[in-house]
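Take a look at the structure set out below.
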Amino acid sequence: RVEDVDTRTDVYALGVLLYELLAGARPFDFAGTTLVEIQRTILEVDPPRPSERLEAQLADAAWERALRTDLDWVVLRALEKDPARRYDAVAGLAADVERFLRDEPVEASPPSRAYRVRKFVRRNHATVVAAAILVASLILGMIGTTTALVWALDERDRANENATSA
């Protein structure tokens, strides 16, 4: 319908292009199908994730993991059947692609605290490692100090017992 055509239609078209760039194929294969079947497929069938198309071809595990999560989410949000669930404008799609390139959490991701923490750790690896070492040192220091205190108190009690029994 003409009234359904807006900027989210452009987002869908760009999602198809991004899908094709990532997966090397369009989301759907329409060879030999009728126009009615094409319309039904676009409106009712969810495309496979781009990473599913590439699993056998990818040798780089890091690229495969990035494609399987962030880029899959970005592409599939652009290809949402319900226009209200797509990016509102091309700028939103572009911003998510830029976030992916900066290794930041993408807006298309499911709301997961673990996902956002993983992204933070990946971006700030050295700082997180330094903080973890500092915390581990503090904990080990507290354990050592507590152990020494318990030992010293036991020695004092033993010395007092020896002094009173003599």
Side-chain angles (χ1 to χ4, degrees), residues 1-140:
R1 298 179 316 185
V2 174
E3 61 270 8
D4 291 338
V5 176
D6 62 5
T7 57
R8 289 173 292 201
T9 306
D10 295 335
V11 169
Y12 187 91
L14 288 172
V16 171
L17 287 173
L18 184 57
Y19 189 104
E20 193 169 357
L21 286 171
L22 294 172
R26 291 190 179 133
F28 303 108
D29 181 17
F30 293 123
T33 56
T34 65
L35 182 58
V36 172
E37 184 61 26
I38 291 172
Q39 287 176 326
R40 188 199 66 75
T41 301
I42 289 173
L43 293 173
E44 297 175 10
V45 178
D46 290 325
R49 295 185 329 246
S51 61
E52 289 174 358
R53 293 263 177 115
L54 285 180
E55 281 179 359
Q57 300 170 20
L58 289 177
D60 184 2
W63 173 247
E64 183 179 358
R65 187 177 9 187
L67 179 59
R68 192 177 312 127
T69 56
D70 297 342
L71 290 175
D72 273 348
W73 290 330
V74 170
V75 171
L76 294 179
R77 181 168 178 193
L79 296 177
E80 275 286 343
K81 301 297 175 208
D82 179 7
R85 293 181 50 162
R86 287 185 208 141
Y87 295 99
D88 289 335
V90 173
L93 173 61
D96 246 3
V97 170
E98 288 176 7
R99 277 190 279 280
F100 165 75
L101 293 173
R102 289 190 308 260
D103 208 15
E104 295 175 354
V106 295
E107 293 296 318
S109 71
S112 161
R113 186 169 290 147
Y115 166 73
R116 296 191 187 288
V117 168
R118 275 194 317 272
K119 285 294 192 174
F120 177 82
V121 169
R122 199 174 304 150
R123 276 192 326 275
N124 302 293
H125 186 72
T127 305
V128 170
V129 168
I133 290 171
L134 179 64
V135 168
S137 298
L138 289 172
I139 290 171
L140 289 174

- Task: Check whether any side-chain heavy atom of P50 lies under 4.5 Å from a side-chain heavy atom of L71, and answer yes or no.
- Result: no

- Message: With a 4.5 Å cut-off on side-chain heavy atoms, are T69 and S109 touching?
- Response: no

Please set out all donor-acceptor pairs under 3.5 angstrom arising from side-chain atoms of residues 35-47, sequence neighbours excluded.
| residue | atom | partner | partner atom | Å |
| --- | --- | --- | --- | --- |
| E37 | OE2 | R40 | NE | 3.4 |
| E37 | OE2 | R40 | NH2 | 2.9 |
| R40 | NH1 | E44 | OE1 | 3.4 |
| T41 | OG1 | E37 | O | 2.8 |

Any idea which heavy atoms bring [X] and [Y] closest together, and the distance?
X    : Y    : answer
F100 : D70  : CD1-CB, 3.6 Å
V75  : G15  : CG1-O, 4.0 Å
Y87  : A108 : OH-CB, 3.3 Å
V90  : D10  : CG2-CB, 4.2 Å

[atom1]/[X] to [atom2]/[Y] distance, rounded to the nearest 0.5 angstrom?
X   : Y   : atom1 : atom2 : value
L93 : E98 : CG    : CD    : 10.0 Å
Y12 : R77 : OH    : CZ    : 16.0 Å
L14 : L21 : CG    : CG    : 10.5 Å

- Item | Under the side chain to side chain contact (heavy atoms under 4.5 Å, CB included) test, residues paired with D82 that sit two or more places apart | A84, R85

- Residues in side chain to side chain contact (heavy atoms under 4.5 Å, CB included) contact with R99, at least two apart in sequence or another chain: A95, D96, R102, E104, V106, E107

- salt bridge (Lys or Arg N to Asp or Glu O under 4.0 Å) partners of residues 19-28, not counting sequence neighbours, each pair once: E20-R26

- Item | Any pair counted as ring pair (Phe, Tyr, Trp, His ring centres under 6.0 Å), so long as it reaches residues 22-47, sequence neighbours left out | F28-F30

- Note on the structure: Sequence neighbours excluded, the answer for side-chain hydrogen bond (donor to acceptor under 3.5 Å, both in side chains) partners of R86 is none

